[in-house]
Asker: 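Just dropping this structure here.
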Protein chains: 2
Amino acid sequence: MAAIAGVSMKTVSRVINGEPGVAPAKVKSVEQAVRQLDYRPNLTASSLRRLDGRTAAVAALLEDLANPFSAELHRALEDVAHDHDVLLFAGSLDESPEREKQLIRAFTSRRADALILAPASSDQGYLTYEVPEGTPVVFVDRAPVGYEADAVVADNVGGARQAVTHLISHGHRRIAFLGDRPAIPTARDRLEGYQQALRAHGVPFDPDLVVHGLEDAGRAEAALPGLLALPAPPTALFAAQNEITVGAFRHLQAADLQHHVAIVGFDDFPLADLLRPGVTVVAQDPTAIGRAAAELLFARLAGDSAPSRTVVIPTRLVVRGSGEIPPSAGPR
Amino acid sequence: MAAIAGVSMKTVSRVINGEPGVAPAKVKSVEQAVRQLDYRPNLTASSLRRLDGRTAAVAALLEDLANPFSAELHRALEDVAHDHDVLLFAGSLDESPEREKQLIRAFTSRRADALILAPASSDQGYLTYEVPEGTPVVFVDRAPVGYEADAVVADNVGGARQAVTHLISHGHRRIAFLGDRPAIPTARDRLEGYQQALRAHGVPFDPDLVVHGLEDAGRAEAALPGLLALPAPPTALFAAQNEITVGAFRHLQAADLQHHVAIVGFDDFPLADLLRPGVTVVAQDPTAIGRAAAELLFARLAGDSAPSRTVVIPTRLVVRGSGEIPPSAGPR
DNA sequence: CTGAAAGCGCTTACAG
DNA sequence: CTGAAAGCGCTTACAG
């Protein structure tokens with residue numbers, strides 16, 4: 001390359017990197033050689049020697065890239081990264097702590113400049129020795145445990161409280177909680193919000209109305225018949241996650257109860273407005289979460305060394321019909 | 001590192017790479033030094049010197065990572081890549097040829113081992129000089145133009161023919177075609193399938209029933225009133241893409257026509273079964289497309305040098321109700 | 001079984 | 001304005 005252009009390697013480097021102070025004639029001959037050889041600078045080599053060691057790539061470890069929440073979050077990260085000329089590695093964790101550790105190692109071995117993590121593990125203390133110093137980590141969706149880092153999370157407690165308060169304000173007093181595995185911090189937070197709302201309105205807490213471990217739509221659907229067959233069945237459901245909401249709605253509609261049992265879901269999902277009744281939800285904003293996380297991350301990469309921050313993105317109640325069904329409409 | 005372990009750099013390299021023929025005592029001392037220093041081998045450095053130059057990373061350029069089709073495809077790619085201990089870079093093209101070229105360059109500069117491309121450009125001849133020799137490219141969703149490479153696509157012509165034949169078999173003769181921009185090859189193929197089905201059944205082609213350029217759900221929704229106000233309105237709709245299907249359905253439901261105008265969509269979407277009526281679609285299989293593409297790609301990386309192949313993934317008619325509405329139910 | 005030397009494609013730190 | 005030498009963290013190709 002340098003030989004073809006008739007200049008030194010160093011001059012090639014200067015032209016490629018747009019450094020000033022190269023004779024126009026030499027710039028020209030380098031540019032011509034680039035075209036002639038289809039020359040593409042090797043970024044992995046340049047990052048190796050570069051003082052800051054930056055690779056201009058960051059890694060995102062999310063729950064499941066095929067799930068709309070993760071996919072939208074991923075897309076928001078990509079957009080901000082693109083503005084900074086940075087590329088994105090991505091991986092799905094599927095609630096597996098082993099996979100999390102494996103991917104963290106894979107990404108640090110490739111010297112990603114920073115990590116974005118929606119952790120599957122219950123404790124991230126291992127990051128202390130697993131992540132090289134100077135590599136910022138930003139948590140999304142779930143706050144860190146045993147590790148000090150920036151985080152961007154939805155207001156899980158507040159959102160759940162808002163959902164359940166909405167149902168109470170429509171006259172419900174027997175409200176079921178349908179949740180994911182309680183090991184998941186966001187699932188616990190949403191249960192906490194549910195309980196806070198009950199307490200605040202003097203509605204007794206009935207453990208029979210709490211169903212945990214609904215890891216997917218199928219399990220949520222399967223859990224409903226038992227719940228609705230209780231001696232004193234719920235007149236309303238709070239579904240603490242979007243897959244659960246869909247599974248529960250699927251059962252209600254199959255049993256033709258969708259206009260008789262109220263339901264409010266946590267986390268919005270596509271087409272919720274087209275169902276009949278439309279499904280009332282407390283919407284998270286995955287795009288806002290992703291943008292905020294990426295901005296925090298690039299601030300760190302730019303040298304921001306303030307103490308860790310946790311950004312809480314508010315949720316929003318979206319009223320569509322299913323959450324406004326009165327208890328009198330319930331099955332008897 | 002080598003100093004701490006009391007061995008040469010080369011022996012460290014052997015232990016890290018699990019090469020045989022190292023004295024057990026030396027293996028031990030290297031392993032201890034690894035722990036002591038939290039040592040992580042630098043994969044970018046090793047790929048630089050390695051003969052094959054492999055980085056164990058491949059790049060996927062898809063339409064829009066937030067769209068369910070791309071997201072599922074992405075996830076399938078990730079799963080196969082994971083089986084090969086390879087990581088995935090990903091980027092969204094948003095139908096922008098410029099973005100495509102930009103990302104191709106970014107990924108080749110980082111020496112991705114292979115590329116997976118759902119092209120936004122109308123001609124990919126530029127890949128000839130843009131992609132280094134020995135870097136396999138596999139096309140997904142859309143076949144290459146002006147470039148020779150493997151491809152995995154859905155059966156767009158056949159699927160569209162199947163959808164429209166289904167409507168004809170239910171008695172429809174005025175069937176509208178709702179399509180994306182005709183510059184998109186899959187959009188053209190689906191129009192072709194539509195026309196083939198009409199011809200095969202002696203149904204006259206009426207250009208008034210063909211609407212192009214519906215780039216998103218909003219435009220599809222907005223296009224319907226005009227179409228339904230024609231002197232001889234369609235009794236059925238073929239929506240040639242999932243966003244278009246959703247937009248069209250949204251209008252039908254708003255106008256309370258969802259039980260009167262038949263609709264079949266190309267490409268399935270979540271919750272299509274929960275709408276009323278359920279939406280009949282010709283389903284693509286993004287997971288199958290992704291898996292097939294990844295397998296083709298890893299075969300190439302393993303040395304397969306057979307001529308380029310194009311794999312066509314069949315579509316599947318999913319009957320749910322909206323496609324079985326008879327023409328007599330139509331608005332008058 | 002082990003290691004010293006060279007080199008992957010770049011940038012750094014100089015010297016001129 | 002330009003380039004020769006050294007070095008980033010590894011692997012290769014040897015030699016012993």
Side-chain angles (χ1 to χ4, degrees), chain A residues 1-34 36-57 85 105-113 132-135, chain B residues 1-34 36-57 85 105-113 132-135:
Chain A
M1 172 64 201
I4 300 275
V7 300
S8 76
M9 226 164 74
K10 177 61 215 179
T11 295
V12 172
S13 171
R14 277 191 262 256
V15 173
I16 296 291
N17 293 301
E19 286 171 38
V22 178
K26 303 223 168 191
V27 172
K28 277 239 154 56
S29 62
V30 169
E31 286 171 347
Q32 197 194 311
V34 163
Q36 185 183 330
L37 301 172
D38 295 331
Y39 172 80
R40 301 288 168 258
N42 183 332
L43 249 63
T44 72
S46 79
S47 103
L48 186 61
R49 190 61 181 88
R50 219 179 266 280
L51 278 182
D52 60 13
R54 292 279 170 86
T55 55
D85 282 318
R105 210 168 260 228
F107 291 133
T108 55
S109 291
R110 280 169 182 79
R111 299 298 185 266
D113 294 337
E133 263 183 86
T135 300
Chain B
M1 171 64 200
I4 300 274
V7 300
S8 77
M9 225 164 74
K10 176 63 214 177
T11 294
V12 172
S13 171
R14 278 190 262 257
V15 173
I16 297 290
N17 293 300
E19 286 172 37
V22 178
K26 302 223 169 193
V27 172
K28 277 239 153 58
S29 62
V30 170
E31 286 171 346
Q32 197 195 311
V34 164
Q36 186 184 329
L37 302 172
D38 295 331
Y39 171 79
R40 300 290 169 258
N42 183 332
L43 248 63
T44 73
S46 79
S47 103
L48 185 60
R49 188 62 181 89
R50 221 178 265 281
L51 278 181
D52 60 14
R54 293 279 170 85
T55 55
D85 282 319
R105 209 169 261 227
F107 290 134
T108 55
S109 291
R110 281 168 181 81
R111 299 298 185 264
D113 294 336
E133 264 184 85
T135 300

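Any value given below was found using the heavy atoms of this structure, including those in side chains, with hydrogens, waters and symmetry copies removed. The chains referred to below are lettered A, B, ... by the order of the sequence lines, with proteins before strands, and numbering in each begins at 1. What you are looking at is a predicted structure, and each value in this text was computed from that prediction instead of being measured.
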Asker: Return yes if the base of D/dG3 and the side-chain atoms of A/Arg14 contain a donor-acceptor N/O pair under 3.5 Å, otherwise no.
Answerer: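 Check passes, donor-acceptor contact within cut-off.
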
Asker: Is a side-chain donor or acceptor of A/Arg110 paired with a backbone partner of A/Thr55 at a separation under 3.5 angstrom?
Answerer: no

Asker: Would you please confirm or rule out a distance under 4.0 Å between OP1 or OP2 of D/dG7 and any side-chain N or O of A/Arg49?
Answerer: no

Asker: By nearest atom, which of the nucleotides C/dC10, D/dG9, C/dA13 is closest to the A/Lys10 side chain?
Answerer: C/dA13

Asker: Under a 3.5 Å limit for both distances, which nucleotide forms a Watson-Crick or G-U wobble pair with C/dA4, could you say?
Answerer: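 Because no pair has both required distances under 3.5 Å, C/dA4 counts as unpaired.
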
Asker: Do the side-chain N or O atoms of A/Ser13 get closer than 4.0 angstrom to the phosphate oxygens (OP1, OP2) of C/dC10?
Answerer: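 No, no such contact exists.
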
Asker: Atom CZ of B/Arg50 to atom C1' of D/dC8: distance rounded to whole Å?
Answerer: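 In whole Å, D/dC8 C1' and B/Arg50 CZ are 17 Å from each other.
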
Asker: Taking atom CD of A/Gln32 as the centre, does the number of heavy atoms from other residues, nucleotides or ligands within less than 6.0 Å exceed 12?
Answerer: no

Asker: For DNA chain C, whose closest nucleotide is more 5', that of B/Pro20 or that of B/Arg111?
Answerer: B/Pro20

Asker: Are any of the side-chain heavy atoms of B/Leu37 and B/Ile4 separated by less than 4.5 Å?
Answerer: yes

Asker: Toward the 5' end of DNA chain D, which comes first, A/Val22 or B/Ser47, by nearest nucleotide?
Answerer: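 Nearest nucleotide further toward 5': that of A/Val22.
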
Asker: Look at the side chain of A/Thr11 and decide which nucleotide, out of C/dG9, C/dG3, D/dG3, has an atom nearest to it.
Answerer: D/dG3

Asker: May I ask which nucleotide in the shown strands pairs with D/dA13, Watson-Crick or G-U wobble, both distances under 3.5 Å?
Answerer: none

Asker: Quick one: B/Met9 CE to C/dA5 P, roughly how many Å, whole number?
Answerer: 11 Å

Asker: In terms of side-chain heavy atoms of A/Ser46, which of C/dC1, C/dC10, C/dG9 is nearest?
Answerer: C/dC10

Asker: Using a 3.5 Å distance criterion without hydrogens, assess whether the side chain of B/Ser109 forms a donor-acceptor pair with backbone atoms of B/Ala106.
Answerer: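 No; judged by distance alone, with no hydrogens or angles, the pair does not exist.
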
Asker: Determine: side-chain N/O of B/Ser8 to OP1/OP2 of C/dT2, distance under 4.0 Å, yes or no.
Answerer: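 So the side-chain polar atoms of B/Ser8 never come under 4.0 Å of the phosphate oxygens OP1 or OP2 of C/dT2.
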
Asker: Send over the distance from A/Lys28 NZ to D/dC1 C1', rounded to a whole Å.
Answerer: 17 Å

Asker: Can you find a pair of side-chain heavy atoms, one from A/Arg111 and one from B/Asn42, that are under 4.5 Å apart?
Answerer: yes

Asker: At less than 4.0 Å, is any side-chain N or O atom of B/Asn42 found next to OP1 or OP2 of D/dC8? Yes or no.
Answerer: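 No, because none of the side-chain N or O atoms of B/Asn42 sits under 4.0 Å from OP1 or OP2 of D/dC8.
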
Asker: Could you check how far CG of A/Leu48 sits from P of C/dT11, rounded to whole Å?
Answerer: 11 Å

Asker: Taking side chain as C-beta onward, heavy atoms only, is B/Asp52 less than 4.5 Å from B/Asp113?
Answerer: no

Asker: Return no unless some side-chain N or O of B/Lys26 is found under 4.0 Å from OP1 or OP2 of C/dG3.
Answerer: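 It does, given that an N or O in the side chain of B/Lys26 lies less than 4.0 Å from OP1 or OP2 of C/dG3.
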
Asker: Whole angstroms only, please: what is the CG-P distance between B/Asp52 and D/dT11?
Answerer: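 Rounded to whole Å, this separation is 11 Å.
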
Asker: Is A/Ile16 touching bases, backbone alone, or none of the nucleic acid, heavy atoms closer than 4.0 Å?
Answerer: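 No contact at all - A/Ile16 keeps every heavy atom at 4.0 Å or more from the nucleic acid.
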
Asker: For A/Arg54 and C/dC10, give me the distance from atom CZ to atom P, rounded to whole Å.
Answerer: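 Atom-to-atom, A/Arg54 to C/dC10, this comes out as 21 Å.
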
Asker: Using whole Å, what does the distance between atom C1' of nucleotide D/dG9 and atom CG of B/Leu37 come to?
Answerer: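 Rounded to the whole Å, the gap is 15 Å.
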
Asker: Whole angstrom is fine here: how far is it from CG in B/Leu51 over to C1' in C/dA6?
Answerer: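 Rounded to the whole Å, the gap is 13 Å.
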
